[in-house]
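Please read the structure below before turning to the comments.
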Amino acid sequence: MVNARYIFVTGGVTSSLGKGIISSSLALLLKARGFKVTNQKLDPYINVDPGTLNPYEHGECFVTEDGAETDLDLGHYERFTNVRTSQKNNVTTGRIYSSVIEKERKGEYLGSTVQVIPHITDEIKDRIKILGNTGNYDFVITEIGGVVGDIESLPFVEAVRQLKREYGKNAIVIHLTYVPYLAAAGELKTKPTQNSVKNMLSIGVQPDIIVCRCEKELTKSVRDKISLFCNVESNSVIESIDVPTIYKVPLNMVNEGLDTQVLKLMDMPSTTPADLTKWKQFLYRLDNPVNEVTIGIVGKYVELHDAYKSISESFIHAGAATQTKVNVKWIHSESLEDKSKEQIQEILGQLDGILVAPGFGSRGIAGKITACQYARENNVPFLGICLGMQCAVIEFARNVLNLKGANSVEMQSTTPYPVIDIMEQQKQISNMGHTMRLGNYPCKLKPQSKTALAYGKELIEERHRHRYEFNNKYLADFEANGMLATGINPDTNLVEVVEIPLHPFYVGTQFHPEYASTVESPSPIFVAFVKASAKTNP
Ligand code: GLN
């Protein structure tokens, strides 16, 4: 069995420099050279997973095929590499501590004092090695969340120090820093980078490669200075200049020789250069659209676009696939509440397509229902995802089936009528002990439905994250009136997709197609939705 090699990506100076994108880009480049790669994220917060985190604070919760609720960086990894991640690819401090405490309670430490070093750091190292030990990967790229120097990330960096000691050349550290341009001085400044590397050295880690995020090109003298003061080879100073789209970062990294330098430092035989033909074709289609559409995303966390990261990225993939420029218009669902018909027309009238987003709780529901009704009555292409699909069926029940109290328990406050549970809570369905249905479930599509045509097959699997399900008691009534269940879970009979065949494109999915969309394989239903939106846009 080939031993995996470990690459750690740390960050300095400030957060939000794009460690996730650098990690994903490197993974893509190594994969394009023929290596098997996986990306991992270690998050220093105490939550056991990000499932309970407020989207305003942490952006989207990304769900893996095996039903893990994870950091949104895992979404970037999958979108860049097309390699699926799992629960093992995201580890938080909370998860580390809870398993160490559980072991302590079971007496597994045989009476010894349980400490950060070695017990917590051993647990961290085990979680990293678990991926390498599968024998499935040549490289494990592990990104450490936060900024070096934070109290929370210390045990992780200490684990990295120990692994470097253990693995020698088979473990390297890439440190991402910021090289600001001071306009007044007309200069790029390296001091923050020097200080951040000193910070790493003070905890025993010498970075092997320094990736410098900057707004202006690094001059030769700036590169020399960083190389000298930070004690790295000159080829180990990599410029990462701002680009208009994250998908261009891999090309910059190739030009800067990031992958070549990684292989050299790890004593790997030089292989043929990364084959980026497909990636470049994607960028070409992205840059040269022949169509343009404006799609409204109706949600309640729209102030923070990261809360819908996978959805907006899915539009980029689908846009490239169809050579369509997709302009996203963010619409706060509450802005559609208590409005006249004319006002609604004003907000939604210019759109070529409407997507009603997933979400939790009753806030903003009324506005989402209004958006569903507008799309249905005005023949505007519509995609409702999870809560968006639930709103679509509730709207249909209230306004077409005349079931005025149609609701889900979650949304009870939104109608004065006695509640009719169109969406009901199912027990026992989780495969991981959660109260939610999480991760991949199969779905059988009705032949010739829009969804089946989009996917080009009738049995699909998509990821879920929800509690409520369509109440099959009402299905016959829906179908008799023109809304069909075109996707059914073959094991449980739960409704996974609804469509209105007489509408140009009205599709609601109980699953989240956005999680599986990647550059290499864009989500089929997003592609079909963008195409349908372009069609109605003369
Ligand atoms: N809140 C709804 C449910 O739990 C929908 C969840 C979602 O949109 N992800 O079923």
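What you see is a predicted model; the values in this text were computed from it and never measured. Both ligands and their constituent atoms are indexed starting at 1 by order of listing.
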Got the closest protein heavy atom to atom 3 (C) of ligand 1, with its distance?
-> R467 N, 3.3 Å
Work out which heavy atom in A357 is nearest to a heavy atom in G299; give both atom names and the distance.
-> CB-CA, 4.2 Å
Write out the residue and atom name of the closest protein heavy atom to atom 7 (C) of ligand 1, then the distance separating them to 0.1 Å.
-> C386 SG, 3.0 Å
Examine H466 against ligand 1 and note whether any of their N/O atoms are separated by less than 3.5 Å.
-> no
Within the structure, does L387 bring an N/O atom to less than 3.5 angstrom of an N/O atom in ligand 1?
-> yes
So for M423 against ligand 1, with non-hydrogen atoms under 4.0 Å, the contacting part is neither
Among non-hydrogen protein atoms, atom 10 (O) of ligand 1 lies closest to Y468 N, 2.8 Å
Considering the options K368, R363, K339, K300, which one meets the salt bridge (Lys or Arg N to Asp or Glu O under 4.0 Å) requirement together with E334?
-> R363
Indicate whether the side chain of E78 and that of T85 have a donor and an acceptor atom separated by less than 3.5 Å.
-> yes
Once the angle between the rings of F511 and H464 is folded into 0 to 90°, is it parallel (under 30°), tilted (30 to 60°) or perpendicular (over 60°)?
-> perpendicular
Considering only the protein, which heavy-atom contact is closest to atom 9 (N) of ligand 1, and what is its distance?
-> R465 O, 2.8 Å
among protein heavy atoms, the one nearest atom 5 (C) of ligand 1 is G359 O, 3.4 Å
If you scan protein heavy atoms around atom 2 (C) of ligand 1, the nearest is E410 OE1, 3.3 Å
Could you see which bit of H512 sits under 4.0 Å from ligand 1, with heavy atoms only: side chain, backbone, both or neither?
-> side chain
Output yes when a side-chain donor or acceptor of Y77 lies under 3.5 Å from a complementary backbone atom of S23, and no otherwise.
-> no
Check F156 against L42 and note the closest heavy-atom contact, atom names and distance.
-> CD2-CD1, 3.6 Å
Will you find, in the side chains of Y6 and Q40, an N or O donor that is under 3.5 Å from an N or O acceptor?
-> no
Applying a strict 4.0 Å limit to heavy atoms, is Q390 in contact with ligand 1?
-> yes
Would you mind telling me which of N90, T70, D71 makes a side chain to side chain donor-acceptor pair (under 3.5 Å) with K41?
-> D71
